[in-house]
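Below: one structure, written as C-alpha cells.
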Amino acid sequence: EEEERRRRAAEDDAPARALHDMMGGTLQQKRIIGQLEEQHVRQAWMDEIPPDQMTDEQKQALAVFDRRQAEIEREKASRLKTLTSELKKLKSEISDSIKQWDVKLRELLRQRLDVHREVCQQELLLIDLNRTAQRTRDHDRESAALTKDIERLSIEEHDKRKQLDRLKRDVDDARRHMDVIKA
C-alpha cells in the first residue's frame, strides 16, 4: 500500500506537472540544442586546410560535420518556428483574455451603476419619507394646539353662557321687581 501511495504521489507531482504544462518541454529541448552545439564545434583545421588538400578521412569528417551542422540548423529553425507559433498563440490568448476582461469589467461597471442608482433612489425615498414624517409631526403638534384652543374656548363659552344665563335671571328678577314696584 505504501509503495502504491508513493507511486501515485510521484505520478501526481503537481509542481512538475505544472512546469511541464507551462513550459511544454521547452527547457529540455533548449538543453538538447545547446548540448548539440556544445558538442559540435568546428575544428580549426576545417577552415585552415583547403578541401582539395584534405585527406579522405578529413573530407569524411568535414562532410559529417556539415551534415550535423545542417541538422542543428534545421532543429534551430524548427524550434524557432515552434516558438513563433507558440508566441502567436499566446498573444492571441492574451488578446482574448483582455477582451474577456474588458467585457467582465464593463458588466461589473454596469452592475455598479445599477446598484448606485438603486441606492440613490432608496435614499431619495428615505428623504421623502422623512419629510412626510416631519410634516405629520408638525400637523400633529398644530392639531394638538388647536384642540387645546378649542377646549379652552369651549370652556370659556360655557362659562360665558352661565354668566349670560345669570345676567338674564338678574335682568328678569330686576324687571319683575320693577313691575312689582310700578304696580
Side-chain angles (χ1 to χ4, degrees), residues 1-34 78-183:
E1 282 184 29
E2 181 68 24
E3 187 175 312
E4 179 66 22
R5 187 183 61 77
R6 285 184 190 156
R7 187 184 62 75
R8 271 192 254 129
E11 286 176 4
D12 192 30
D13 186 9
R17 197 174 62 244
L19 179 63
H20 180 70
D21 289 346
M22 286 189 306
M23 300 306 289
T26 57
L27 290 177
Q28 185 176 5
Q29 193 168 2
K30 186 176 181 181
R31 245 186 269 131
I32 289 171
I33 293 172
S78 171
R79 178 77 180 129
L80 180 62
K81 186 176 178 181
T82 302
L83 289 175
T84 303
S85 172
E86 189 174 337
L87 178 64
K88 286 179 183 177
K89 177 184 162 198
L90 290 173
K91 283 182 177 181
S92 173
E93 287 175 4
I94 289 169
S95 177
D96 290 346
S97 293
I98 289 171
K99 287 175 186 174
Q100 289 174 357
W101 171 260
D102 288 344
V103 167
K104 287 179 183 179
L105 188 61
R106 271 193 294 278
E107 176 60 23
L108 286 174
L109 179 60
R110 188 194 59 74
Q111 288 176 2
R112 180 179 182 267
L113 291 175
D114 288 346
V115 168
H116 186 68
R117 184 181 66 245
E118 186 67 30
V119 167
C120 288
Q121 288 174 344
Q122 293 299 319
E123 287 176 348
L124 288 173
L125 181 62
L126 286 173
I127 289 169
D128 189 43
L129 288 173
N130 192 25
R131 285 180 182 166
T132 302
Q134 183 62 40
R135 275 188 249 129
T136 301
R137 285 190 297 269
D138 292 344
H139 289 142
D140 288 347
R141 270 186 252 134
E142 288 176 22
S143 177
L146 289 174
T147 302
K148 283 183 183 179
D149 286 346
I150 290 171
E151 287 174 3
R152 183 182 51 80
L153 290 173
S154 186
I155 292 171
E156 285 180 17
E157 178 188 19
H158 182 65
D159 289 344
K160 297 294 180 190
R161 284 187 190 270
K162 282 184 182 177
Q163 283 179 351
L164 182 61
D165 288 342
R166 254 191 325 254
L167 286 174
K168 280 184 182 178
R169 275 185 302 211
D170 288 345
V171 167
D172 286 343
D173 286 344
R175 276 192 190 151
R176 269 186 258 136
H177 185 57
M178 287 261 282
D179 286 341
V180 171
I181 293 182
K182 280 187 182 175

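Just so it is clear, the structure is predicted and the values come from calculations on it, not from any experiment.
- Looking only at side-chain heavy atoms (C-beta outward), Val103 and Lys99 stay at 4.5 Å or farther from each other.
- Lys104 and Glu107 are not joined by a salt bridge, as no carboxylate oxygen comes within less than 4.0 angstrom of a charged side-chain nitrogen.
- Between Glu156 and Arg152 there is a salt bridge, since a side-chain N of the basic residue sits under 4.0 Å from a carboxylate O of the acidic one.
- Once rounded to the nearest 0.5 Å, the distance linking CG of Asn130 with CZ of Arg135 reads 10.0 Å.
- Of the inter-residue distances, the one linking Leu129 atom CG with Gln122 atom CD reads 9.5 Å to the nearest 0.5 angstrom.
- Between the CD1 atom in Ile98 and the CG atom in Leu105 there is a gap of 12.5 Å [rounded to 0.5 Å].
- Residues Arg112 and Val115 form no side-chain contact, since every pair of their non-hydrogen atoms from C-beta on lies 4.5 Å or further apart.
- Between Arg176 and Asp173 there is a salt bridge, since a side-chain N of the basic residue sits under 4.0 Å from a carboxylate O of the acidic one.
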Carefully, step by step, assess Lys162 and Asp165 under the rule side-chain contact (heavy atoms from CB on, under 4.5 Å). CA-CA 5 Å; Lys162 282 184 182 177; Asp165 288 342; 5.7 Å; no
Please assess Arg137 against Gln134 for the test side chain to side chain donor-acceptor pair (under 3.5 Å), listing each intermediate value before the final yes or no. CA-CA 5 Å; Arg137 285 190 297 269; Gln134 183 62 40; 2.7 Å; yes
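- When atom types are taken as modelled, the side chain of Ser85 and the backbone of Lys81 share no donor-acceptor pair closer than 3.5 angstrom.
- Qualifying side-chain hydrogen bond (donor to acceptor under 3.5 Å, both in side chains) partners for Glu142, counting only residues two or more places apart in sequence or in other chains: none.
- The main-chain N or O of Asp128 is found under 3.5 Å from a side-chain atom of Thr132 such that the two form a donor-acceptor pair.
- Taking 4.0 Å as the cut-off between side-chain N and carboxylate O, Asp179 and Arg175 do not count as a salt-bridged pair.
- In terms of modelled atom types and a separation under 3.5 Å, the side chain of Ser97 and the main chain of Glu93 share a donor-acceptor contact.
- Looking at Val119, Asp114, Leu113 one by one, the single match for side chain to side chain contact (heavy atoms under 4.5 Å, CB included) with Arg117 turns out to be Asp114.
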